[in-house]
Structure formats: C-alpha cells, structure tokens
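Letters A, B, ... mirror the listed sequences (proteins, then strands); counts begin at 1.
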2 protein chains.
Amino acid sequence: MDADLCRGARHSKEMHERSIAAEDFAAFAHLPLFSTLDADCLRKVTAEGKIVRYQRGDILFGQGEEANWLHILIDGQVGLTGSVSGSEETIVAILKSGDVFIAAAVLTGKPYLMGAKTLTASRLLMLPSGRLLSDLRENPDFALAMLTSLSKNFRSLVLEVKDLKLKSASQRLALYLMSLTPKREGSTILHLPHNKILIAGRVGVRPETLSRVFLAIKKEGVVSENQTVAITDLKRLADFCMEGDEII
Amino acid sequence: MDADLCRGARHSKEMHERSIAAEDFAAFAHLPLFSTLDADCLRKVTAEGKIVRYQRGDILFGQGEEANWLHILIDGQVGLTGSVSGSEETIVAILKSGDVFIAAAVLTGKPYLMGAKTLTASRLLMLPSGRLLSDLRENPDFALAMLTSLSKNFRSLVLEVKDLKLKSASQRLALYLMSLTPKREGSTILHLPHNKILIAGRVGVRPETLSRVFLAIKKEGVVSENQTVAITDLKRLADFCMEGDEII
DNA sequence: TGACCGCCTTGACCAACATCAATTCGCTGC
DNA sequence: GCAGCGAATTGATGTTGGTCAAGGCGGTCA
C-alpha cells in the first residue's frame, strides 16, 4: 500500500543515540507528559532514558516486536502503521511533537500492534519499560500524566473508528484537511505536510481514490495544486464533514 | 441502523440505585480493575461510589453528555454506540462483566464520545469523577490498574481500526465468531449472544449484508441456523480471517 | 384463532471505492 | 540532454457492501 513506509533503513548509520544530558531537559520538560511534573520528579523518571535521533525513513520498530521502550516524540514526525497479512498495510496515526506512543504495549507487556517509522528526521526520548511501572507507582503525578496522555490518544482512536464506519472518503479527507489548521471559519491556504500516498493511507483510501476525492471536494470550496490546498470557506467545509452535531 | 439501540427508556421505573454496602464488595473486588488493590485501598476508592441496576434496553448516557461517573460493569452487557449525524449510529464496542468504560472521557473532563445502553439487565459500579483524580493520585496501585485497563481497551481499539481498514466483512464476522470461543482448533458449536441486528452493528455491516455474509462463509466451514453456529474447523477459519501473521 | 410486530432473509439495483493499466510530470544521476 | 524512477493523475472496469422493497417466520396479545 505504501512503498514509502515499507522500505526504510533499520539502524541507519546516521542514527544517533546517547543518554540524557542537562541541556536535554529543556527539550522535553515542556511536553504535555512532563509539564505537570516538578524538576526532581522529571529527573527521576528520565534517569535511565535516552535521546535518539533518526533520519527520515528510519524504522523505529516493527509490528510484533517486544515493547521495551516507551517512546516520546520530541521533534519530527513519526507514522504508525498496522498490517494484517504482511503486505497489506495501513496508517493508524501520524504523530507530532510531544506525542507519546505505544504506551499501551509497554504497560501491558505485549508486543507492538503497530510498526513505527519516521516521516522526517526526528528526535525521540525513550524510557526503558523495565523501570516504568515502578516509576509510575512512585510518582503519582507521572501516573496521572500518563493516564491523561493515554486517554487523549484513546479518544482520537474512538473518533477514527466512528469516522471509518460512518463517513465517506470525501468527508474523511475534509476532516484531515481541517485538522491541519486551527481556524474554523473564513478561508485559508495550507501546505500538505506529507506526500499524497501517505495522506491516502491516513485518510483510509488508495492514492488513486485520493486524487478523485480531491476533485470531488472542489465543489465544497477546496482547490488543490501539488502540495498546496486552498479552502475558500472553512465553515462550509466543517458542515460538509461534520453533518451538524459533531463533538470534538 | 439499530432500532434496538435507538429506543430505550431513560430512567425506567425499575432502575435502582444505592450506595455501597459491605456485601457488595464481593461483587466487584475480584474484577481486574480492583483485584490488585488491598481491602483498605478498595474501600477508600469506592467510598462515594454507587451500585446501579438497569433493565435491558435502558440508556445509561448519551453521546455528548458530561462525563460525571466512571462506569464499571459488574454483570450484564452494555453496548457503546457512536453517532455522527444524529440518525447514523454504529456500535463501537460490546462490553462484558468487569469492563471499565468511558474512563478516557472522565479523565480528560470532556463529554462522552459514545452513548451507552444496556443489552441485558445489568449491574454497574459507578465512581464519581469529582474525586477520581485525587483517588488516583493517592493510590498508586489504583492508578496503575486504571492504566492497565485503559491500555487493554486501547489495544482492542487499535485492532478494530486495523480490521476496519484492512479486512472484508466476511473476515470481520469470522473474527467476531472466533472471539466467542477460546478454542483455536477442532470444531465447535456456539450460541450467538445477541440478535443479528446487534451483531451486524458490531461487525460493521448492515443486517441484510450480515445475512449474505453468513451464507458466504459457509464455504469456510461455518454453518448457522438461527442463533446457533457450528464451526467445523477453527484453524481453517483462523487462517481465513488472520491471513497468516496475526498478533493477538 | 387471527392480527400484528419485530427479526431475519432474499432479490434487484445502486453507489462507493478498489484494481489494473496507461500516461504525464518532476526530479536525480550520469 | 536524457535515461530512469517514483509521484500523481486519469480512464476503464470490477468488487464490495449499501439501499429499497417484499415476504416468511416466530413470537405475543386480544
């Protein structure tokens, strides 16, 4: 389905990993998972963590592998992919700075249900699963932050299930485009952050269908050219994909 | 989509709610969420909870309402439904004894993304959201149990997203049937726990399509008559719906 | 007993999206 | 400049599952 996600060099030469230095804290202390923790707690929780840099296209881990590290994306973009029969692959989520991922696998001690690959050069903080449970037990604030993070991810996934079951491809594309801008009325011009093969995976259609869907939503005021998309009336587009009574 | 889930008497006369008595603890102390807690911790955490009994078909809450109570299903069955345009409705999950639900809404303080309705007479333990955060902070074991519970639910949802995107209706029905039995080889006879309208919603198809899909998977060794289904070769059915390399 | 009702099935048809194939465009390396 | 490659589009066609309509079947209730 997605050639770009199927390839990717494992352990590329440029991958760079090291333990945490004092100046690193500034890079992640403000992330949602850590912003409620005091400095002492933060230091304890990340004591055995490491900072890893990846190049674009590197594979972080594959579906089915053992979950040994909790991943926190500091900067860059990471795609989570699920597959069922080896070749068939789909994009479950595209992550952005601050996102925590595969917490569920680490906490349940089960293998990853998804694989992960960088979409751009990325920097990650990784915490070893071995001491995560005891850290959570000893730092209630950390446990609460994890619960909050997991809850938010859970709700995103619920929305995705509902959209997949109840919405058309055009509506899902419109939702995706709306997710790229905070604006909810007026017009806007935005730049697609990924290539269209990737976006097709995210929206849940084939690339060919995405092309046609981009044509179809012209009549909803969406003009696209290459990587640039102009939306003439955000409110109208919201009506089109939310159909009235949405809860975000 | 599902007449049975759209109706339902709110606050039926038979609904019965009361605070927790000593003899109640036996009913829920062994549930996964509580089994790791000591008696003292369990008493504190459930101090302001209540036990509620519902009849079949009662609506527990509607999508979009404020999340004031964490729900734990002690016995019975509850269906979670999502809707996007008022009429269109889909079943996101069917819950069983011991399941915790809408934890994510309670923890993030946001409105429910799904509605809930009993499928059979049910008994629930409900904990007020007001003191949940402080209870979690003061009882690390409880916080960990919540994290575990939420993680398991999260992983089920990931599987559902993957199945919806990558599998056919027949494969999803086969997966659903396999979820009704712990056996993984040989043959078995099982009794459908819900009516077919509900199962159709769960599988993600219309009732008419479910009928046809039941016909279609006869060639995979699934013979159905009314509420009874015979599977002649579970391994073969597993091959059919997993296509090789599944991770459960 | 018969009317009614909800569940379930079946048939005919239709819409949405996938698939297969061909072509264009822009980029990269030689 | 041009060969080669992948991204993106477009057309023709196929498949899946939804929609609409009709009818059977098994309950319940008067």
Side-chain angles (χ1 to χ4, degrees), chain A residues 1-8 56-57 84-85 87-91 119 163-174 176 191-219 222-229 240-241, chain B residues 1-8 56-57 84-85 87-91 119 163-174 176 191-219 222-229 240-241:
Chain A
M1 176 169 191
D2 177 21
D4 203 39
L5 274 161
C6 293
R7 289 193 323 270
R56 174 194 153 97
V84 292
S85 58
S87 61
E88 289 278 23
E89 209 172 52
T90 191
I91 294 170
L119 306 175
D163 291 346
L164 280 171
K165 283 197 179 183
L166 297 173
K167 296 201 168 166
S168 69
S170 321
Q171 288 175 310
R172 292 200 302 273
L173 174 59
Y176 170 74
H191 184 81
L192 297 179
H194 318 290
N195 71 31
K196 296 204 177 171
I197 294 183
L198 203 55
I199 294 174
R202 171 60 232 282
V203 171
V205 296
R206 302 281 135 162
E208 299 95 319
T209 302
L210 186 71
S211 273
R212 296 183 235 267
V213 168
F214 261 115
L215 283 180
I217 62 173
K218 263 191 182 148
K219 65 171 166 23
V222 177
V223 187
S224 66
E225 191 187 328
N226 301 325
Q227 299 262 75
T228 307
V229 176
F240 168 69
C241 58
Chain B
M1 177 171 193
D2 176 24
D4 205 37
L5 274 161
C6 293
R7 288 194 323 270
R56 175 194 153 99
V84 290
S85 57
S87 60
E88 290 278 21
E89 210 173 49
T90 190
I91 294 170
L119 305 174
D163 291 346
L164 280 172
K165 283 198 179 183
L166 297 172
K167 298 202 163 152
S168 69
S170 321
Q171 287 175 312
R172 292 201 302 272
L173 174 58
Y176 171 75
H191 183 80
L192 297 179
H194 317 289
N195 71 30
K196 297 204 176 170
I197 293 183
L198 202 55
I199 293 174
R202 170 61 231 281
V203 172
V205 296
R206 303 282 138 158
E208 299 96 320
T209 302
L210 186 71
S211 274
R212 296 184 237 267
V213 168
F214 262 115
L215 283 180
I217 61 174
K218 261 188 184 152
K219 67 173 167 22
V222 177
V223 188
S224 65
E225 191 186 328
N226 300 326
Q227 300 262 72
T228 307
V229 175
F240 167 68
C241 58

Point to revise | Atom-to-atom span, CG of A:Asn195 to P of C:dG26 - whole angstrom | key: 17 Å
Review point. Which atom names give the shortest non-hydrogen contact between B:Tyr176 and B:Arg202, and what distance separates them?
Key: CD1-NH1, 3.7 Å
**Study point:** Residues touching DNA chain C, which here means a heavy atom under 4.0 Å, drawn from residues 208-215 of chain B
**Key:** B:Glu208, B:Ser211, B:Arg212, B:Leu215
Study note, to complete from the structure: Across all chains, not counting sequence neighbours, the salt bridge (Lys or Arg N to Asp or Glu O under 4.0 Å) partners of B:Lys165 are A:Glu160
Review point. B:Ser168 side chain: which of D:dG18, D:dG17, C:dT9 is closest?
Key: D:dG17
Revision key, fill the gap. Hits for side chain to side chain contact (heavy atoms under 4.5 Å, CB included) against B:Thr209, two or more places apart or cross-chain, chain-then-number order -> B:Val205, B:Arg206, B:Val213
Point to revise | Euclidean distance, atom CG of residue A:Asn226 to atom P of D:dA8 [Å, nearest integer] | key: 9 Å
Point to revise | Pairing residues for A:Leu192 by the side chain to side chain contact (heavy atoms under 4.5 Å, CB included) criterion, not counting sequence neighbours | key: A:Leu177, A:Leu180, A:Leu190, A:Lys196, A:Ile199, A:Phe214, A:Gln227, A:Val229
Contact list (N/O, under 3.5 angstrom) for nucleotides 13-15 of chain C vs protein:
none

Review point. Distance from B:Ser224 atom OG to B:Ile217 atom CD1, nearest 0.5 Å?
Key: 7.5 Å
Study note, to complete from the structure: Residues B:His191 and B:Thr228: closest non-hydrogen pair is ND1-OG1, 4.3 Å
Revision key, fill the gap. Closest heavy-atom pair, B:Ala174 versus B:Cys241, reported as atoms and distance to 0.1 Å, is CB-CB, 3.7 Å
**Study point:** Nearest-angstrom distance from the residue atom NZ of A:Lys196 to P of D:dT10
**Key:** 10 Å
Check your understanding: Which whole-number value in Å describes the distance from A:Glu225 CD to C:dC25 C1'?
Key -> 13 Å
Point to revise | From CG (A:Leu210) to CG (A:Leu173), nearest 0.5 Å | key: 6.0 Å
Between the protein and nucleotides 22-27 of chain D, which nitrogen or oxygen pairs are less than 3.5 angstrom apart?
none

Practice item. Decide side chain to side chain contact (heavy atoms under 4.5 Å, CB included) for B:Leu164 and B:Arg172; before the verdict, give the C-alpha distance in whole Å, the side-chain angles of both, and the deciding distance to 0.1 Å. Key: CA-CA 8 Å; B:Leu164 280 172; B:Arg172 292 201 302 272; 4.1 Å; yes
Check your understanding: NE2 of B:His194 versus P of C:dG6: gap in Å, rounded?
Key -> 21 Å
Point to revise | Atom-pair distance (CZ on B:Arg172; P on D:dG18), nearest Å | key: 8 Å
Point to revise | Residue B:Ile197, side-chain atoms from C-beta onward, closest of D:dA7, C:dC8, C:dA18 | key: C:dC8
Exercise for review: Compute the angle between the rotation axes at the two ends of the helix from C:dT1-D:dA30 to C:dC30-D:dG1, each taken over five pairs, rounded to 10 degrees.
Suggested key: 30°
Check your understanding: In whole angstrom, what separates B:Lys167's NZ from D:dT15's P?
Key -> 22 Å
Exercise for review: To the nearest Å, give me how far apart CG (A:Leu192) and P (D:dT9) are.
Suggested key: 10 Å
**Study point:** Euclidean distance, B:Asn226 CG relative to B:Asn195 CG, rounded to 0.5 Å
**Key:** 12.5 Å
Exercise for review: Would you name the heavy atoms of B:Gly201 and B:Thr90 that are closest together and state the gap between them?
Suggested key: O-OG1, 4.2 Å
